Student: 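Below are the structure tokens for one structure; questions will follow.
Protein chains get the first letters and strands the later ones, always in sequence-line order, with residue 1 at the start of each. All values derive from a computational prediction rather than experimental measurement. The figures that follow rest on heavy atoms only: side chains count, while hydrogens, waters and symmetry mates do not.
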Amino acid sequence: MPDRLVRAPYPMTKVFYRPALAQVLRVDQLTQSENLLALRMGTGEPLNHEPGQFVQVSLFGYGEAPISICSSPKGKEGFEICVREVGTVSGAIHDLEPGDWIGIRGPYGRGFPVVELEGKDVLIVAGGIGMAPLRSLVGHIRDNRRRYGRIIVVYGAKNPAAILFKNDLKVWFEDEGIELYVTVDSPDESWTGRSGVVTSIIRDLDLGSSASMNAVVVGPPVMYRFVAMELFRHGLTEDRIIFSLERRFKCGIGKCGHCQVNDLYVCRDGPVFRYSELLGRSEAVEVWAPEEQ
Amino acid sequence: MAPLKQVVSSEGLFDMLREAMKELPVIAPAERKDQPGFHHFARLQQAEDFVPDYVTTTLPPKKAFFQPSETLFTFTTDQPPALELVSDTEHFVLAGVHPCDLAGLDALDLAYSQPPAEVRWPADRGLATVVGIDCMPDDYCFCSSVGTCLTRQGCDLFLTKVDRGYLAEVYTPAGDTMLAKVRTWEPTEADIRDAEQWRERKVERMTAHLEADPAEIADLLEAGGLAHLWKETAERCYSCGSCNTTCPACFCFDMHDEFDLSLKTGIRRRTWDSCQLLEFALVAGRHNFRQEREQRVRHRWHRKFLYLYRRLGRAYCTGCGRCSRACTADINLVDVTNALIAHARKAADHA
Amino acid sequence: MVRDAKINVHHLTRVEGHGDIVAEIRDGRLEDVKFAVVEAPRFFECFLQGHSYEEVVHIAPRICGICSVSHKSAALKATESALSVEVSRQTRLLRLLAFNGEVIGSHILHAYFLALPDFFDAPSVFPLVQTHKDSVLRGMRLKRLGYDICEVVAGRHTHPVGMIVGGFTCVHSEDDLIALRERIVQGLEDMKETVRLYKSITIPQFERETEYVSLTHPDRYPFYEGAIHSSEGRTISTSDYRTAIREYVVPHSTAKHAKWNRREYMVGALARVNNNFKLLSPTARQAARDLGLEVPCHNPFMNTVAQVVESMHCLEDCVDLIDEMLSHGLVARDESVRVVPRAGVGIGVVEAPRGILFHEYGYDDDGVCIAANHVIPTAQNLANLEADMREYVPQILHGTEEHITHQLEMLVRAYDPCISCSTHVVHLTVR
Amino acid sequence: MPSSSKPKAAFFDFACCEGCQLTVLQLEETLLDLLEHVDIVTWREVMTGESESYDVAFCEGSITRERDVERIKKIRETAGILVTLGSCAGIGCHNAVRNKWPVEELLQKVYGTEEVVSDAIPARPITAVVPVDYQVLGCPISLPEFVSVFKHVLTGRKYYPPNQPVCVECKLNDYLCVYEKGMICLGPVTRCGCNAICTSRGDACHGCRGLIENANLNAMVKVFTEMRKLHPIMDAVADRHRPTLEQIRRRFAVYNNWPELKLERGTTHGA
Ligand SMILES: Cc1cc2nc3c(=O)[nH]c(=O)nc-3n(C[C@H](O)[C@H](O)[C@H](O)COP(=O)(O)OP(=O)(O)OC[C@H]3O[C@@H](n4cnc5c(N)ncnc54)[C@H](O)[C@@H]3O)c2cc1C
Ligand code: SF4
Ligand code: SF4
Ligand code: SF4
């Protein structure tokens with residue numbers, strides 16, 4: 001069993017589970033199953049989030065679901081979320097139109113260690129909807145580009161039609177300060193870019209001997225172990241690999257117990273963790289490793 | 001500081017509740033109408049219904065603060081929606097709480113106040129005057145093993161049976177006010193000795209024991225190597241969740257929305273949940289992070305004796321024995337824990 | 001005047017289960033008329049075998065959702081008799097109470113929601129919500145009251161819970177009974193209104209003398225207990241039911257019919273009222289007179305009126321039963337007795353809302369069912385119903401085909417047939 | 001009365017006791033509220049007339065004959081949304097108990113020696129014949145769950161029949177576990193949603209809503225048929241029952257017959 005998580009105290013907010021209200025400003029359909037929504041809090045105040053944090057989004061009558069904030073904290077007008085339709089709440093989110101009201105609790109959780117990463121090189125690895133929180137991180141880095149070293153973004157999508165944030169990708173591609181690689185699992189005739197899983201891209205990357213390289217990885221559960229293996233091969237150590245985990249959240253504040261990964265509450269202690277913090281926590285990356293106790 | 005002590009007669013105890021009932025609802029252990037011979041915490045209709053010497057109840061008294069299923073707020077589907085918090089504001093008396101259950105309330109006080117703190121639980125807690133009472137164990141109790149035998153935290157008044165009535169320890173002004181309504185006597189040495197003997201007898205009569213203290217159990221769990229034990233236990237376990245839903249120290253919950261038939265208004269509800277249930281850790285894409293029964297069993301023990309012990313400094317078990325009584329598969333927490341202690345010690349000896 | 005017609009009512013509506021009316025009129029003469037049961041077979045008597053007595057009494061009520069208390073009671077009585085189990089007085093009274101609740105619920109459902117639309121020329125009760133809202137709401141109140149009586153005793157109306165061999169698994173509370181009593185007393189007002197409603201309705205005039213079979217009892221209107229009685233003057237003990245009631249397969253029909261002294265007999269509310277008029281409560285007897293129900297009554301359409309009369313009786317009987325229980329004080333414990341399985345055969349006979357109902361079970365030493373037989377009211381009524389149709393059609397041939405069809409439908413509905421429970425009556429081609 | 005904008009609902013029944021329809025009728029006045037949202041166009045048990053088209057079909061009962069298969073397929077084709085009512089339609093219920101005998105033998109048993117022609121087939125739930133969109137389980141259905149599913153249908157939300165055991169509802173209601181009274185209960189392996197109505201009455205759960213996913217049937221076999229000292233409460237249960245494997249199997253077989261239930265030492269259902 002590893003050490004207990006040593007982190008700064010969590011802000012002393014108090015929670016009554018009643019969300020604040022926010023209004024939908026814009027809805028953009030990104031893909032067949034993903035929408036981008038721009039929101040503004042009813043109070044008109046900014047959300048004040050860190051990249052990697054999430055909000056609990058309420059559609060009254062349908063329920064609540066944790067959704068990452070996908071815009072940079074510097075966003076002038078409200079904030080953005082990107083939602084994939086998978087079930088009840090996300091389905092109802094997809095029926096929203098500009099002007100509609102929804103409920104928001106948060107921002108909650110601990111985001112990416114943007115301050116600690118300052119001065120370092122960052123490899124950002126995104127799989128599928130994992131791009132959502134990472135878009136916030138990339139946005140933040142671009143807003144503060146001078147503070148960071150080399151930035152590489154590797155993004156894998158299922159197929160060309162499933163690629164999110166195509167407009168952003170175009171901008172990043174133009175951006176000299178970002179090395180961008182986009183790959184798809186199953187290409188079609190129109191696709192001229194790379195194909196294959198993200199690990200194959202990472203394998204071929206020249207990360208140099210840079211000892212200051214850190215990796216930030218967000219994607220489906222199966223991705224983590226394979227990506228980590230590649231990163232080890234490049235010489236990254238566990239404390240320089242950063243994951244964001246997805247679990248079931250009900251309360252979002254470390255009470256309801258659903259998101260627990262061994263002793264950690266993903267919603268409160270995470271969702272962002274360094275791999276070193278997850279070592280020995282058998283429920284974190286693997287689905288089930290019975291031999292590991 | 002030692003609490004103020006007074007003696008109240010047995011009849012006086014009922015008078016005290018009767019007085020309290022004039023102003024406030026009193027929730028206390030009473031005999032079940034649907035099944036005489038068994039007890040539950042219920043709102044008293046008359047003071048005589050209070051049973052001071054009950055052994056245990058199915059649900060712990062935490063249900064007085066956090067009902068098994070409670071409404072958080074109501075909503076409308078207007079634009080913008082109108083949300084209205086639903087919370088209790090009525091003060092009440094919770095009487096007849098055993099030390100293990102006081103420990104349970106204390107455990108939840110601690111858990112729910114971790115930042116970011118929730119407001120509901122402490123708000124509801126603030127509404128209650130809590131009267132504790134000492135008890136005698138049955139075959140399932142083992143509070144002496146987890147150090148909750150003498151818990152007085154969170155109670156305003158605590159009663160111990162003595163020869164001429166009850167020795168009342170006053171912990172707060174609220175407790176004092178309750179007691180002040182009835183005739184009391186200064187305790188004599190005999191009273192103090194009676195109460196002392198009650199506590200000794202209680203420990204003597206305890207037949208169930210954990211073979212290690214919580215600190216050691218945490219270490220042993222951390223050392224691991226217990227896979228076969230989780231597997232064996234899981235083979236018998238139904239994953240019915242009864243062990244969690246009856247536990248005074250469990251606090252997981254689920255939340256969901258319900259529309260009214262008008263489809264224009266509704267409520268958000270939260271309901272007790274259990275980590276032993278199959279879908280507790282299910283996420284989108286049908287991915288279940290504790291799909292296997294043995295994972296869930298292991299999680300239960302780890303959460304009770306390791307995770308929260310490390311995080312909050314106490315085991316999340318109060319020794320009340322409810323989970324073992326309630327287990328429909330005859331899985332006894334003490335037996336399983338002792339088996340793991342024995343196994344881990346043997347493994348350590350061999351190493 | 002209809003000379004030639006082929007009437008075919010496929011899946012008659014507003015009855016329980018599936019049945020077709022088939023009639024053929026040629027040259028102004030009725031050639032053939034049938035009520036064909038097309039309900040899917042369910043084979044209860046077979047598959048109960050191999051289940052223990054506890055499971056048998058659990059499954060048996062699932063024969064029918066509308067009269068599951070009756071089936072439950074019949075199964076319990078049969079099983080208790082087979083296993084020599086005596087139930088307490090309190091258990092008997094509670095069962096009587098639940099039984100009344102079911103009779104009220106079932107009769108009101110029929111009188112208000114299935115039959116009433118016919119008299120108001122509506123296809124269903126839904127349009128009546130607009131035109132006769134008071135009546136509809138009253139019907140709902142009364143039906144709910146009947147169901148709630150079941151609920152207080154046995155948890156719910158459809159497939160009661162807690163009723164087991166030897167008694168009840170639950171503890172009943174006097175407070176619940178007192179509250180229920182109050183509602184029943186209020187319900188009596190609604191019942192009086194119901195009598196007034198039915199007074200304003202014209203029941204078709206048609207008479208055919210037949211045999212009426214029901215339970216009979218020396219001192220209480222028999223639903224739950226009694227001996228088997230025929231209007232032909234014979235009374236036999238329930239254990240001899242097989243010597244009297246004979247089921248047979250008829251070549252012209254597709255379902256099993258039943259007979260006793262005559263070629264056919266009628267069971268149900270009208271049969272009970274005809275056989276036991278004196279045992280009805282005074283108010284119920286007065287209601288019968290108000291509604292023109294003089295015994296013996298040979299008009300099958302009056303069966304619905306008999307149901308109204310019986311509902312009145314049952315409500316009043318509920319008050320008496322509750323008073324009796326309260327005067328003794330309810331025993332505050334669960335009323336189940338420990339049952340020791342043993343081999344035996346038992347017969348349980350009750351009056352379901354639709355008529356006399358027989359359950360018979362044989363158990364082996366371990367209390368496992370080795371034989372089961374059910375005789376269901378609607379099956380017993382089929383022969384009589386067809387005889388009525390044969391006699392009625394020639395009387396109404398002057399009308400239009402629609403009229404004849406509608407009258408036939410009304411006639412069948414008056415029997416309040418419950419086809420889904422007719423486990424015996426299966427639509428089959430006999431080779 | 002009908003306004004064309006409201007969805008049209010129809011009720012159909014197959015082999016069953018019609019108790020589920022009857023339960024829907026118990027909505028009484030609430031049924032009128034429901035009619036604010038839908039027009040009922042076909043319901044043989046309570047209304048004359050039927051419609052060829054409908055949006056939502058509520059179907060109860062099991063499929064027991066060839067012609068039923070055709071009929072339910074037709075309904076499936078017509079209805080945008082198919083909702084099954086009750087365990088007969090959802091899991092086969094006791095209708096499927098008979099499947100352990102061949103159909104011919106059953107007919108023989110009920111009709112004596114006469115040879116009969118019938119299109120009877122082994123009984124199966126509707127869910128085994130056509131895809132269904134919503135399920136309300138129970139024998140009979142529970143009214144609050146029906147209303148809840150109805151609201152899900154109207155708002156286009158998916159409804160998952162609860163996959164938690166009855167013990168959860170039993171405990172949340174603070175009912176006394178019937179094990180305490182020495183009765184054996186199928187609650188630990190049976191889907192809830194009934195609000196534990198049977199145990200609320202001190203009766204055991206008979207399993208009418210079918211098994212939860214991944215039910216550990218083996219646990220019951222292990223607990224009661226293994227030679228081992230049990231704890232005091234369970235001792236009382238075992239003392240009274242000590243069921244054999246066959247008795248346990250029979251108890252499960254009251255409701256869980258489709259598909260065939262396998263219960264033996266060393267199996268975990270659905271795992
Ligand atoms: C920190 C964090 C950040 C996230 N960020 C995003 C984001 O930016 N964008 C995004 O799109 N998602 C995000 N998610 C994921 C999102 O919260 C989940 O997908 C969420 O479950 C959607 O809620 P829902 O109500 O729409 O789905 P649900 O209705 O809960 O359904 C989810 C899935 O589970 C199945 N399911 C649910 N209940 C049952 C049941 N009882 N039985 C069987 N199957 C069932 C459904 O079929 C479906 O596949 C994030 C999650 C976390 C933890
Ligand atoms: S009560 Fe027993 S059977 Fe149920 S989940 Fe807990 S340990 Fe398993
Ligand atoms: S784990 Fe069991 S013994 Fe411990 S507090 Fe919970 S219910 Fe009581
Ligand atoms: S009575 Fe049955 S359903 Fe309830 S807790 Fe006990 S075993 Fe579970």
Student: Please look at A/Pro220 and chain B and tell me whether the side chain, the backbone, both or neither of the residue comes under 4.5 angstrom of a heavy atom of that chain.
Tutor: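 The answer is neither part of A/Pro220.
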Student: Could you tell me which portion of B/Phe75 (side chain, backbone, both or neither) has an atom closer than 4.5 angstrom to a non-hydrogen atom of chain A?
Tutor: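 Just its side chain gets close to chain A.
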Student: Does A/Tyr17 have B/Arg120 sitting over its ring (NZ/CZ under 6.0 Å from centre, angle to axis within 45°)?
Tutor: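 No.
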Student: Assess, by modelled atom type and distance only, whether the side chains of A/Asn262 and B/His302 contain a donor and an acceptor separated by less than 3.5 Å.
Tutor: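 No - no donor-acceptor pair under 3.5 Å links their side chains.
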Student: What part of B/Leu282 is in contact with chain A, defined as an atom under 4.5 angstrom from a non-hydrogen atom: side chain, backbone, both or neither?
Tutor: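 For B/Leu282, heavy atoms of backbone and side chain both lie under 4.5 Å from chain A.
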Student: Could you check whether B/Asp273 pairs with A/Arg248 (Lys NZ or Arg NE/NH1/NH2 to Asp/Glu carboxylate O, under 4.0 Å)?
Tutor: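 Answer for the salt bridge query: no.
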Student: Heavy-atom distance under 4.5 Å to chain B: side chain of A/Thr88, backbone, both or neither?
Tutor: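 Answer is neither: A/Thr88 stays 4.5 Å or more from chain B.
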Student: Taking everything shown except A/Phe226 itself, do over 12 heavy atoms lie less than 6.0 Å from its CZ?
Tutor: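 No, not enclosed.
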Student: Would you say A/Leu264 and B/Tyr307 make side-chain contact, with heavy atoms under 4.5 Å?
Tutor: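 Result no, sub-4.5 Å side-chain heavy-atom pair not found.
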Student: Any chance the rings of B/Phe259 and A/Tyr62 have centres within less than 6.0 Å?
Tutor: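 Aromatic pair counts; centres sit under 6.0 Å.
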Student: Which bit of A/Ile102 comes within less than 4.5 Å of chain B, counting heavy atoms only: side chain, backbone, both or neither?
Tutor: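 Neither part.
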Student: If we only count heavy atoms from C-beta on, is the A/Lys255 to B/Gln114 side-chain gap below 4.5 Å?
Tutor: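 They are in contact (side-chain heavy atoms under 4.5 Å apart), so the answer is yes.
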Student: Heavy-atom distance under 4.5 Å to chain A: side chain of B/Phe73, backbone, both or neither?
Tutor: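 Only the side chain of B/Phe73 comes within 4.5 Å of chain A.
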Student: Is there a side-chain contact between A/Arg18 and B/Leu72 in this structure, where contact means two heavy atoms from C-beta onward sitting under 4.5 Å apart?
Tutor: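 Answer no - side chains too far apart.
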Student: Which atoms of B/His299 are under 4.5 Å from chain A, going by heavy atoms: the side chain, the backbone, both sets, or neither?
Tutor: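 Only the side chain of B/His299 comes within 4.5 Å of chain A.
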Student: B/Asp254 versus chain A, heavy atoms under 4.5 Å apart: side chain, backbone, both or neither?
Tutor: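 Both the backbone and the side chain of B/Asp254 come within 4.5 Å of chain A.
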Student: Quick check: does any side chain N or O of B/His256 sit under 3.5 Å from a backbone N or O of A/Gly63, one acting as donor and the other as acceptor?
Tutor: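 Not at all, since once roles are kept as given, no pair shorter than 3.5 Å links the two residues.
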Student: Given heavy-atom pairs under 4.5 angstrom as the criterion, report whether the side chain, backbone, both or neither of A/Gln260 touches chain B.
Tutor: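 Looking at A/Gln260, backbone and side chain both touch chain B.
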Student: B/Lys231, B/Glu258, B/Arg303, B/Arg270: which one forms the most heavy-atom pairs within less than 4.5 Å of chain A?
Tutor: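 When all of B/Lys231, B/Glu258, B/Arg303, B/Arg270 are compared, B/Arg303 has the most.
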